[in-house]
Amino acid sequence: MLRLTLLIHALASTVIMGVGIVAVLVMGFVSAKAIIAAIVIGLILGVPVAWLIAQKLHEG
């Protein structure tokens with residue numbers, strides 16, 4: 001289950017980071033700090049999202 005969660009985390013966090021970066025740029029925050037913050041938030045939010053998806057896939 002851990003391997004599945006890690007694989008899904010790689011995909012989910014990338015998508016969340018991409019959405020975050022686009023949102024930051026659309027709002028007009030073009031500094032490096034804002035983009036790095038979006039990346040860090042994407043990595044952090046990717047963990048529970050990946051765990052939930054892996055759990056649903058493992059159930060059935």
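For the numbers below, each heavy atom of this structure counts, side chains included, while hydrogens, waters and symmetry mates do not.
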Would you give the length of the straight line joining atom CD1 of I44 to atom OG of S13, rounded to the nearest 0.5 angstrom?
-> 11.5 Å
Connected-component partners of L57 among ILVMFWY, side-chain separation under 4.5 Å = L4, I8, I16, I41, L45, V49, I53
Linking I/L/V/M/F/W/Y whenever their side-chain heavy atoms sit closer than 4.5 Å, directly or via other members, would V24 and V26 fall into one cluster?
-> no
Consider only side-chain heavy atoms of I, L, V, M, F, W and Y, link residues closer than 4.5 Å, and tell whether L25 and I39 are in one cluster.
-> yes
Starting at CH2 of W51, measure out to NZ of K56 and round the result to the nearest 0.5 Å.
-> 10.0 Å
Between Q55 and M1 the two heavy atoms that sit nearest each other are CA-CE, 3.4 Å
With rounding to the nearest 0.5 Å, note down the distance linking NE2 in H9 to OG1 in T14.
-> 8.5 Å
